[in-house]
Amino acid sequence: MTKTLASTGIARLATADADFDDRLDALLAWEGVSDADIQRRVDEIIAAVKVRGDAALIEYSNRFDRLAVASMAELTLGPARLEQAYRGLPVEQRDALAAAAERIRLYHERQKPESWHYTEADGTVLGQQVVPLDRAGIYVPGGKAAYPSSVLMNAIPAHVAGVREIVMVVPTPDGVLNELVLAAAHLAGVDHVFTIGGAQAVAALAHGTETVPRVDKIVGPGNIYVATAKRAVFGRVGIDMIAGPSEILVISDAGTPADWLAMDLFSQAEHDEDAQAILVSWDRAHLEAVEAAIERLLPTLEREAIVRESLAGRGALIHCRDRAEAAELINRIAPEHLELSVADPESWLPEVRHAGAIFMGRYTAEALGDYCAGPNHVLPTSGTARFSSPLGVYDFQKRSSIIHCSSQGASALGGIASVLARGESLTAHARSAEYRLKEQDRIRT
């Protein structure tokens, strides 16, 4: 039977319970699609920005971010301002940001794909050309919290990919600029920064205005209005994903201190009231120890109220029968972040098919991946790890097929194409191929 802690509200489930499947499905359920009212408002904003450009951006920024600006110049930051922010940071922050940026850069350098080609016996050349996008747009949240790490994780892969121009938008409610965010933009090679946010910022990136250049792809997390706007403009521009709340799934064999695991769960729960933190173990006494640590440590958190609501609404401690069942739960949940807090995490890898990022062993806290380990922290959420991957260099590049036929190759392929095209009743296709046939192949056709 599912139980709930009176003080924290976190659910206790057991795979042996008759209602386990239904309860887990309910716990995992997340509807990322906005309601009709939000969709209507976003559509209105996008239409206004498309028609009125900068004037609409100024109006919406004044209304939603409580500003009093008269021109886009007041919402624009140049490279000198970004460098000033970086130089002005306390040494400890500057060094930490630079170290994180370098680690992220080195990791993503290894992702760079290369163009390739091969030559067939008749001289026909086939291949693939990899080229970067011309311009990428980075959305950086600026509401409940400011995330310089998000700047690094989104902009550095674009820079490594060779994107010619990186445009960043970040809302500044009440006109408050975050120096760490600006410093991160400097380190990550951002070319333009506009202090705008919400659906209007997404619309500006997608359609362009007198001041904001139109981009080819928009990446980065945001609230429901941002997510709805990204969905609406997809097709005119590319997008990375429609991200849901942050998630963590921890698998523990009872060898990791309970306090560590409780704090690992908190680290994701503190993001948002809708964030999800789940711990799975086949050791009931260990789950009880973690439960006690949660109760004891929760009141010590600065964001206690957010964590408490997150755990009560979407958190769980799950008792499973054995390791095999834990592995099944991993692939069923397909978590954004997976911590394998076990003695031999490498042995689990062949069994893990669906996870955004995998944190191996007792010492690898998920928080390290959020900031400075190197791999990207922009990850698939809400079960989309079943078919999606972390953000990377490849998201900022395109691949073009290369076909260069020799005379002999065109004749050989033309015969095949002719037969198939006529089978589809596309005779212009067939005749186009047949014009290039050599006499011997023409006779056979």
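Start at 1 with the first residue, then count along the sequence.
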Would one find more than 12 heavy atoms of other residues, nucleotides or ligands at under 6.0 Å from atom CD of Glu346? yes

Are Arg81 and Glu179 ion-paired here, with the side-chain N under 4.0 Å from a carboxylate O? yes

Would the distance check show the side chain of Arg353 and the main-chain N or O of Asn331 forming a donor-acceptor pair, the cut-off being under 3.5 Å? no

Whether the side chain of Asp174 engages the backbone of Val176 through a donor-acceptor N/O pair (distance < 3.5 Å, no angle test) should be reported. no

Would you check if Arg103 and Leu106 make a side-chain contact, meaning some heavy-atom pair closer than 4.5 Å? no

Does a donor on one side chain and an acceptor on the other come within less than 3.5 Å for Gln268 and Ser246? yes

Which pair of non-hydrogen atoms, one from Ser61 and one from Leu75, has the smallest distance, and what is that distance? OG-CD1, 3.9 Å

Main-chain N/O of Glu247 paired to His337 side chain as donor or acceptor, under 3.5 Å: yes

Pair Arg40 + Asp37, salt bridge at N-O below 4.0 Å: yes

Any non-hydrogen side-chain atom of Glu304 less than 4.5 Å from a side-chain atom of Leu298? yes

Take Asp253 and Arg362, measure what salt bridge (charged side-chain N to carboxylate O under 4.0 Å, His left out) needs, and give me the verdict at the end. CA-CA 10 Å; Asp253 61 4; Arg362 310 195 193 287; 2.9 Å; yes

Answer whether the closest heavy-atom distance between the side chains of Val202 and Leu205 falls below 4.5 Å. no

In Å, rounded to the nearest 0.5 Å, how long is the span from SG of Cys320 to CG of Leu13? 12.0 Å

Would a distance-only check, ignoring hydrogens and angles, find a side-chain to backbone donor-acceptor pair under 3.5 Å from Asn178 to Leu180? yes

Interatomic distance, CD1@Ile224 vs CG@Asp274, rounded to 0.5 Å, equals 10.0 Å

Treating Gln93 as the side-chain partner and Leu89 as the backbone partner, does any N or O pair qualify as donor plus acceptor under 3.5 Å? no

Do Glu83 and Arg87 meet the salt-bridge criterion of a basic N to acidic O distance under 4.0 Å? yes

Check for a donor-acceptor pair, side chain of Asp240 on one end and backbone N or O of Gly220 on the other, with a separation under 3.5 Å. yes

Evaluation steps, side chain to side chain contact (heavy atoms under 4.5 Å, CB included), between Met263 and Asp259: CA-CA 6 Å; Met263 202 58 66; Asp259 285 14; over 6 Å; no

Answer yes or no: is there a side-chain heavy-atom contact under 4.5 Å between Val130 and Lys112? no

Evaluate Tyr118 against Leu126 for side chain to side chain contact (heavy atoms under 4.5 Å, CB included), listing each step before the verdict. CA-CA 6 Å; Tyr118 62 92; Leu126 302 176; 3.4 Å; yes

Is there a side-chain contact between Gln276 and Glu336, using heavy atoms and a 4.5 Å cut-off? no

Is any side-chain heavy atom of Thr381 less than 4.5 Å from a side-chain heavy atom of Ser388? no

Is the shortest side-chain heavy-atom distance between Ser150 and His377 below 4.5 Å? yes

Are any side-chain N or O atoms of Gln408 and backbone N or O atoms of Ala121, one a donor and one an acceptor, separated by less than 3.5 Å? no

Value rounded to 0.5 Å, distance of CG in Asp272 from CG in Asn223: 10.5 Å

If you count the non-hydrogen atoms of other residues, nucleotides and ligands that lie under 6.0 Å from NE2 in His429, is the total more than 12? no

Rounded to the nearest 0.5 Å, what's the gap from CD on Gln128 to OG on Ser401? Could you check? 6.5 Å

Side chains of Asp283 and Ser281, donor plus acceptor under 3.5 Å: no

Give a yes or no on whether a salt bridge exists between Arg214 and Asp134, defined as a side-chain N under 4.0 angstrom from a carboxylate O. no

Test side chain to side chain contact (heavy atoms under 4.5 Å, CB included) on Leu329 and Leu24; report intermediate values, then the result. CA-CA 10 Å; Leu329 285 173; Leu24 181 60; 3.9 Å; yes

Under 3.5 Å donor-acceptor, Tyr139 side chain and Gly198 backbone: yes

For Glu328 and Thr15, what are the C-alpha separation, side-chain angles and deciding distance, and is it a side chain to side chain contact (heavy atoms under 4.5 Å, CB included)? CA-CA 11 Å; Glu328 290 176 7; Thr15 55; over 6 Å; no

Are more than 12 heavy atoms from other residues, nucleotides or ligands located less than 6.0 Å from atom CZ of Arg296? yes

So for atom OH, which belongs to Tyr363, do other residues, nucleotides or ligands contribute more than 12 heavy atoms lying within a distance under 6.0 Å? no

For the student: nearest non-hydrogen atoms of Leu152 and Pro157, plus distance: O-CD, 3.7 Å

For Trp282 and His319 the tightest heavy-atom approach is O-NE2, 3.5 Å

Assess whether a salt bridge exists between Asp21 and Arg332, defined as any Lys/Arg side-chain N lying under 4.0 Å from an Asp/Glu carboxylate O. yes

Compare every heavy atom of Ile196 with every heavy atom of Ala204, then report the nearest pair and how far apart it is. CB-CD1, 4.3 Å

Short question: side chain of Arg386, backbone of Gly383 - any donor-acceptor pair under 3.5 Å? yes

Hey, could you give me the NE2/CD distance between His117 and Gln129, rounded to the nearest 0.5 Å? 11.5 Å

Would a distance-only check, ignoring hydrogens and angles, find a side-chain to backbone donor-acceptor pair under 3.5 Å from Thr364 to Met360? yes

Could you check whether atom OH of Tyr371 has more than 12 heavy atoms from other residues, nucleotides or ligands sitting under 6.0 Å from it? no

Minimum heavy-atom separation for Val140 and Val151, please, with both atom names. CG2-CG2, 3.7 Å

Of Ile248, Val250, Asp264, Leu265, the one forming a side-chain contact (heavy atoms from CB on, under 4.5 Å) with Glu366 is Ile248

Shortest non-hydrogen pair, Leu82 vs Ala185, comes out as CD1-CB, 4.0 Å

Crowding at CZ, Arg236 (>12 non-hydrogen neighbours, <6.0 Å): yes

With heavy-atom distances below 4.5 Å as the criterion, would you say the side chains of Tyr107 and Pro375 are in contact? yes

Pairwise distance CG(Leu391) to OH(Tyr394) - rounded to 0.5 angstrom: 7.5 Å

